[in-house]
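Sequence lines set the chain letters: A, B, ... in the order given, protein chains first and strands last, and positions in each chain run from 1. Any value given below was found using the heavy atoms of this structure, including those in side chains, with hydrogens, waters and symmetry copies removed.
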There are 2 protein chains.
Amino acid sequence: MNIYDIAELAGVSIATVSRVVNDSPRVSEKTKQKVRTIMEEHGYTPNVFARGLGLDSMKTIGILCPDVSDAYMATAVAHLESRMHEHGYDCILCCSGFEQSVKEKYVSLLLAKRIDALLMVGSTYAGTGESDKNTQYVRDAAKQIPVFLINGFLDGENIYCAYGDDYQATYDVTSQMIETGRKRILFLCDSHSYSANQKLAGYESALKAHGLPVLGDLKLYVKNRIHTVRDILLERRDLRFDSVVATDDGLAVGAIKYANAKLLKVPENLCITGFNNSALSICSDPELSSIDNRVEELCNISVDNMMKILLGEETEVNRNNRIPCRLIKRCTTDF
Amino acid sequence: MNIYDIAELAGVSIATVSRVVNDSPRVSEKTKQKVRTIMEEHGYTPNVFARGLGLDSMKTIGILCPDVSDAYMATAVAHLESRMHEHGYDCILCCSGFEQSVKEKYVSLLLAKRIDALLMVGSTYAGTGESDKNTQYVRDAAKQIPVFLINGFLDGENIYCAYGDDYQATYDVTSQMIETGRKRILFLCDSHSYSANQKLAGYESALKAHGLPVLGDLKLYVKNRIHTVRDILLERRDLRFDSVVATDDGLAVGAIKYANAKLLKVPENLCITGFNNSALSICSDPELSSIDNRVEELCNISVDNMMKILLGEETEVNRNNRIPCRLIKRCTTDF
DNA sequence: CTGAAAGCGCTAACAA
DNA sequence: TTGTTAGCGCTTTCAG
């Protein structure tokens, strides 16, 4: 059943059917009704490929993230899908992992699919914030379609970023630890992404601002697996620390497990904060204080900006959207 | 840059270019090389819409799930995407929630996009296992394209199911609780889906098989939020139980929080099992014993079957794939 | 307000 | 081995 069949059944031309499908005002209400009835009776659906060929768009966007099975990204993807759906767009989801070549391959694949825009979730797509060669593929993609980065910043034409102020959040929380008497703050991290580097910078700045030394030993990079973190901490008997600033909830829960194993009082003897305010934070015991970088808001900003761009209002949109994070206080902090 | 441009630059016809793109054997190696060089030099990518129009396929499948932000579904989606990608297929992701009308709308939307197959994750799409009217839309979709159901069973032409044996798993775990001396086993549940009903049946069978009464009071349906579960349990001072069979890890963790709040010894005074073996289970304290229904295997079965069907080997595939679950033992059980 | 017809870029049957 | 050409189903000028 195609547009010709409908046209014939309705006794009009295909042009008229097309106009009805697209709700053009240049059709009399009477023929509109007539055609619509026929279409419904026969369950007609326009062929999206043909339409795509003509319009060079299938109203589809690409969502790229390293791994949807990660809670943070899953939340983001769920929210993005829902918001895009409101606007009549479908989402092609791709999980690239963290490897450069795979990320690049996925982006070209997505571009070949002629998506209308590309949404990238996760600061891994922003590089480390230093060299440019690892982010060139993003810039190249932006030459073809608008690119939206969630949770990372990358400066470039047609690249629109929305991210939480990880620097400030980490600065603040570190400062509060110091102000409540902590002197040896462990920085627990699992990557060197743009976001991770921002958090590190915030941590170091706070130490310096309060006249504390930045100790290499207290910057610990480990795999983000709860038991692994706990065990590493347990083994490092040389390492002394009275508090933990973790860049992810999983790492922080590892620290909680460590505290429980050593029978340390939390937060009195060990003060801990996590990042992302995930389900883990209310699952652990004691429950974890965690910095919420408000993914849903980041998603909303990106989607709103995208719709503006797609409708040709690029002049009105800010390429650099940084929003404050907030600390969700639970039981592993006393501030 | 389209096929005509390439053809002209290479001094061949568009048919030849098309053959090169599709790696047809009916082109001399020499011209193949020549054309390929030109294509690369100019960064030519075939237009997927035009190709889709001709082949009536864009090598895209639809993945429908109620909510990707749920850990179980996120894992499934991540795995599915990765496996489909291996086979050169892209995935359109849709999150339908649990409302009937929305689920139906999403399915028609996906069908209109001319996907090659539909993957549905979650037993909500299998109905309750009783009436047929809630699953008619699934059967209708199956008239157009093959439908694959993960974690639920629905009998029907062109519908292929893969699910864990929730009945048996729940039967076994309930039996073990009884055999280790428990007499009042609370069944904690948050839905009436096909899967939930299977679990309930397993629970009830086990009670009967061991000569224990099936008590209405001990079947508790609550919202799947950790603190809510804990609070409800705390309030129900009339309710006596010595063990908990939860249909989801979140519910089970709620029970753990309840036990901790009441200073009950786990598992001695309260034995608890969860379902899905999610990240929550190693996060809680004590860590949760949980039934793993092996999503990844379910996904693999579905993807393998799908590829067979898409390649026209439907005779070889089983529509009803039930696989055993396994209990991952941690600290909330003593068996 | 409606229709005829020219694309959109590719695939595949048919010719050569 | 290669080229010609007729679709695939829709959108959109251009005429009327």
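Aromatic ring pairs are classed by plane angle as parallel below 30°, tilted from 30° to 60° and perpendicular above 60°; the pair His85(A) and Tyr106(B) is parallel. Classification of the Phe148(A)-Tyr160(A) ring pair by plane angle, with boundaries at 30° and 60°, yields parallel.
Proximity note for Leu53(B) (side chain, C-beta onward) versus dA12(C), dC8(D), dA4(C): the nearest is dC8(D). Among the nucleotides dC10(D), dT4(D), dT2(D), the one closest to the side chain of Asn2(A) is dC10(D). Residue Arg19(A) has its side chain nearest to dC14(D) when only dC14(D), dT11(D), dC10(D) are considered. Closest to the side chain of Ile3(A), from the set dT4(D), dT11(D), dT13(D), is dT11(D).
Rounded to a whole Å, the CG atom of Asn22(B) is 17 Å from the P atom of dG9(C). Taking atom CD1 on Ile14(A) and atom P on dC1(C), their separation rounds to 20 Å, with Å as the unit. Rounded to an integer number of Å, the gap from Asp23(B) CG to dT11(C) P is 13 Å. Rounded to an integer number of Å, the gap from Asp56(B) CG to dG9(C) P is 20 Å. Met58(B) places its CE atom 14 Å from the P atom of dC10(C), with the value rounded to the nearest Å.
Below the 3.5 angstrom threshold, one finds a donor paired with an acceptor across the side chain of Tyr4(A) and the base of dC10(D).
Side chain of Thr16(A) to main chain of Ile14(A): no donor-acceptor pair is present (N/O by atom type, distance under 3.5 Å, no hydrogens or angles). Judged by distance alone, the side chain of Asp23(B) and the main-chain N or O of Val20(B) form no donor-acceptor pair under 3.5 Å.
A salt bridge does not link Lys59(B) to Asp116(B): none of the charged side-chain nitrogens sits closer than 4.0 Å to a carboxylate oxygen.
Atom CD of Glu157(B) is surrounded by 12 or fewer heavy atoms from other residues, nucleotides or ligands within 6.0 Å.
As judged by a 4.0 angstrom heavy-atom cut-off over every strand, Val12(A) is placed among residues touching the sugar-phosphate backbone only.
Taking side-chain N and O atoms only, Ser18(B) has no distance below 4.0 Å to OP1 or OP2 of dC10(C).
With a 6.0 Å cutoff to the six-membered ring centre and a 45° limit on the axis angle, Lys103(A) counts as a cation-pi contact of Tyr125(A).
For the segment residues 24-52 of chain A, residues with any heavy atom less than 4.0 angstrom from an atom of DNA chain C are, sorted by number, Pro25(A), Arg26(A), Val27(A), Ser28(A), Thr31(A).
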